[in-house]
Amino acid sequence: MRAPTSTPSCAATTSPPPKGPTKRAAPRIPECAFSLRGAHARVTIHARVCSFSAPEAAMKLENIRTRFAPSPTGLLHFGNANTALFNWLVARAHGGAVTLRIEDTDTERSTRDFERKIMDDLAWLGIDWDEGPDKGGAFGPYRQSERTHIYREQIDKLLTSGAAYRCYCSREQLEQDRARQQENKESFQYVGRCRDLTPDDWARLDAEGKPFVVRLRKPAGNAVTVHDMIRGDIVFEADAIDDFIFVRSNGEPTFLLTNAVDDSLMQITHVVRGEDHISNTPKQILILNALGLPVPQYMHTAIILGKDKTKLSKRHGAVNVSQFREQGFVAPAMVNYLAFLGWNPKDEREFFSLEELKNNYSIEAMSKNPSIFDYDRLRYLNQHWIAHTDPERILDLVIDFLIKAELVTPQSAQDNRAWIRDIVAIMGDRLKTINDIEELGDYFFKDFDDYHPKGVKKYFKESTPEHLELIERTLSELDPFTQEGVDAALHRIMEEHELPPAKVIHPLRLALTGKIFGPGLFELAALLGKEKAVERIRKAAQWISDNNPS
RNA sequence: GCCCCCAUCGUCUAGUGGUCUAGGACACCGCUCUUUCAAGGCGGCGACAGGGGUUCGAGUCCCCUUGGGGGCGCCA
């Protein structure tokens with residue numbers, strides 16, 4: 001249910017918001033002021049409660065500053081990569097700047113190692129930034145753990161102005177409140193026990209050694225409107241907003257404060273984040289209003305869900321960017337897929353490089369509906385991008401994988417680089433992931449003892465050893481052992497002995513590779529080399545005799 | 001319980017009141033090409049959640065219902 005999107009007081013005033021330290025694109029959104037009677041002070045807050053259309057916001061696309069603000073408490077999650085990409089696109093598509101801010105206020109769980117890995121994963125995707133902990137910038141520091149003095153100052157301001165108050169309620173009391181609310185089927189909000197405490201009360205409670213948190217005193221009677229760039233205006237009635245906590249009892253500020261304050265102080269013009277943040281937004285607007293700080297534009301992107309339509313998590317398998325990388329996905333495919341979760345070009349094009357995304361991106365084309373992660377589609381895009389990436393780059397990735405899978409050593413890979421290049425080349429479009437090289441071509445790198453059971457049944461007949469021996473004799477005399485040579489030799493055998501091609505080709509493939517699928521037989525045999533080929537043919541003939549197939 | 005978001009094929013989506021017997025892509029199923037597999041080509045399956053309005057006319061606008069999701073934390 002939405003309230004009217006404008007108020008009478010709104011129409012009367014268009015007072016501009018407080019200016020930041022340096023020039024920025026002047027907000028063209030009408031501002032209006034209303035006053036708030038706090039317990040100890042009378043403050044004026046600027047609130048945007050006037051409506052405007054989303055396209056109007058979208059038109060202000062100069063001097064854009066966006067930010068990606070990961071919390072280094074884990075690896076870069078797929079969903080976070082999605083919002084990082086959109087932050088990057090919103091800025092880069094309009095010549096704007098990207099900031100990387102590390103939100104490490106959760107000191108328990110944050111580590112420098114995760115911070116490093118997140119930055120590595122972003123870099124791998126091709127998402128770069130202009131300002132950040134590693135680069136510096138005019139609005140640093142870029143780690144929240146190094147900005148505590150800034151938060152302290154803002155918290156003091158809120159407390160002295162009366163926009164916030166100290167709350168001495170114990171966790172037990174709050175739990176009881178919650179339980180009662182649940183029973184009475186009321187919304188879970190703070191009951192306001194400490195709302196009207198005076199500074200004298202605070203002193204008394206402090207003397208008793210009681211800890212306190214700090215809550216924002218929500219302004220009475222005023223709705224807060226979030227102007228979302230892809231959803232339009234979202235109105236939160238005053239009683240839908242809680243007197244939320246933004247300073248913990250240990251004195252540390254929470255995300256609600258640090259995130260909002262930093263966005264404003266760092267002069268972020270467009271906050272691009274997941275839609276799970278929508279309900280945080282009115283609270284953050286309230287903080288900024290109470291502080292007299294500029295409010296950025298907000299853009300809440302659709303969330304990504306798992307197959308069961310719940311928020312994508314570990315339960316759904318791989319969720320970290322680095323996991324996909326390990327599974328053999330290639331960065332352009334990831335980016336391409338990620339971009340289409342929330343955006344699309346409105347026509348039938350489906351392959352976009354990061355550069356092409358930048359050149360085609362538009363905020364109007366963002367979609368609102370949550371999307372479900374589709375592994376098959378990622379694989380499809382990956383196959384395309386493997387085929388359309390510089391072969392030398394793919395070769396490097398294949399070699400990296402081969403080493404990890406212990407199919408080659410770094411030394412042998414270096415010595416046989418040209419040979420491996422040829423192997424990758426004959427794989428053609430068969431690789432959906434880099435790792436598929438193992439499933440598809442492990443026989444190039446190691447011997448095997450098993451033959452595909454279906455193939456054995458279909459192609460290893462009683463007469464097969466005889467044919468294989470015939471082939472073996474011919475091939476062992478072939479020189480040079482080339483694709484063309486093998487091709488010609490085999491066809492000669494077929495003609496001379498009136499053998500149908502199927503009787504030669506299928507058993508031979510099975511003998512050489514153990515598989516019933518793969519690249520062209522002649523080129524495969526040539527790459528395997530005469531020695532290996534002959535050896536495997538001999539071995540297969542023996543195997544068939546030993547196993548006496550039907 | 002309260003607040004908020006979302007709603008076209010299984011999935012990603014096109015569609016901005018008439019051109020929609022709803023288009024594309026993935027997946028799936030045929031056929032074709034072919035020494036196998038993959039790729040390619042051709043074809044098939046398959047959706048406007050329901051109900052009320054508004055309108056000459058609704059997938060497209062409004063309302064309700066339903067469904068799904070997110071949030072309501074001294075996490076971010």
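What you are looking at is a predicted structure, and each value in this text was computed from that prediction instead of being measured. Naming convention: chains lettered A, B, ... in sequence-line order (proteins, then strands); numbering from 1 in each chain.
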Just checking [X] against [Y], ring centres under 6.0 Å apart?
X: F340(A); Y: F86(A); answer: no
X: W385(A); Y: Y337(A); answer: no
X: F255(A); Y: H277(A); answer: yes
X: Y451(A); Y: F460(A); answer: yes
X: Y375(A); Y: F329(A); answer: yes

- request: Would you classify P211(A) as touching base, sugar-phosphate or nothing, given that sugar-phosphate means primed atoms plus P, OP1 and OP2, and contacts are heavy atoms under 4.0 Å?
  value: nothing
message: Students often get this wrong, so: under 4.0 angstrom with heavy atoms, is E108(A) touching a base, only sugar-phosphate, or nothing?
response: nothing
- request: Could you check which nucleotide pairs with G10(B) in any of the strands shown, counting Watson-Crick or G-U wobble with both distances under 3.5 Å?
  value: C26(B)
It should be established whether [X] places a side-chain nitrogen or oxygen under 4.0 Å from OP1 or OP2 of nucleotide [N].
X: R178(A); N: G73(B); result: yes
X: T258(A); N: A76(B); result: no
X: N369(A); N: U8(B); result: yes
X: K346(A); N: A14(B); result: yes
X: R248(A); N: A76(B); result: yes
X: S279(A); N: C5(B); result: no

Pick the [atom1] atom in [N] and in [M], then give their distance to the nearest Å.
N: A27(B); M: G41(B); atom1: P; answer: 13 Å
N: C26(B); M: U21(B); atom1: P; answer: 26 Å
N: G43(B); M: G24(B); atom1: C1'; answer: 16 Å
N: U60(B); M: A22(B); atom1: C1'; answer: 12 Å
N: G46(B); M: U13(B); atom1: C1'; answer: 15 Å
N: A58(B); M: G1(B); atom1: P; answer: 36 Å

- prompt: Looking at Y190(A), is R215(A) sitting on its ring face, NZ or CZ under 6.0 Å from the six-membered ring centre and within 45 degrees of the normal?
  reply: yes
query: Between F212(A) and R166(A), is there a cation-pi geometry (under 6.0 Å to ring centre, at most 45° from the normal)?
result: yes
message: Using a 5.5 Å cut-off between ring centres and planes within 30 degrees, is F188(A) stacked on the base of G1(B)?
response: yes
Closest-nucleotide 5' rank along RNA chain B - winner of K307(A) and L378(A): K307(A)
query: Counting only distance, no hydrogens or angles, is the base of C37(B) paired donor-acceptor with the side chain of R430(A) under 3.5 Å?
result: yes
Under 3.5 Å, N/O pairs linking protein and nucleotides 60-62 of chain B:
none

message: How close do R143(A) and R147(A) get, counting heavy atoms only, and between which atoms?
response: O-CG, 3.4 Å
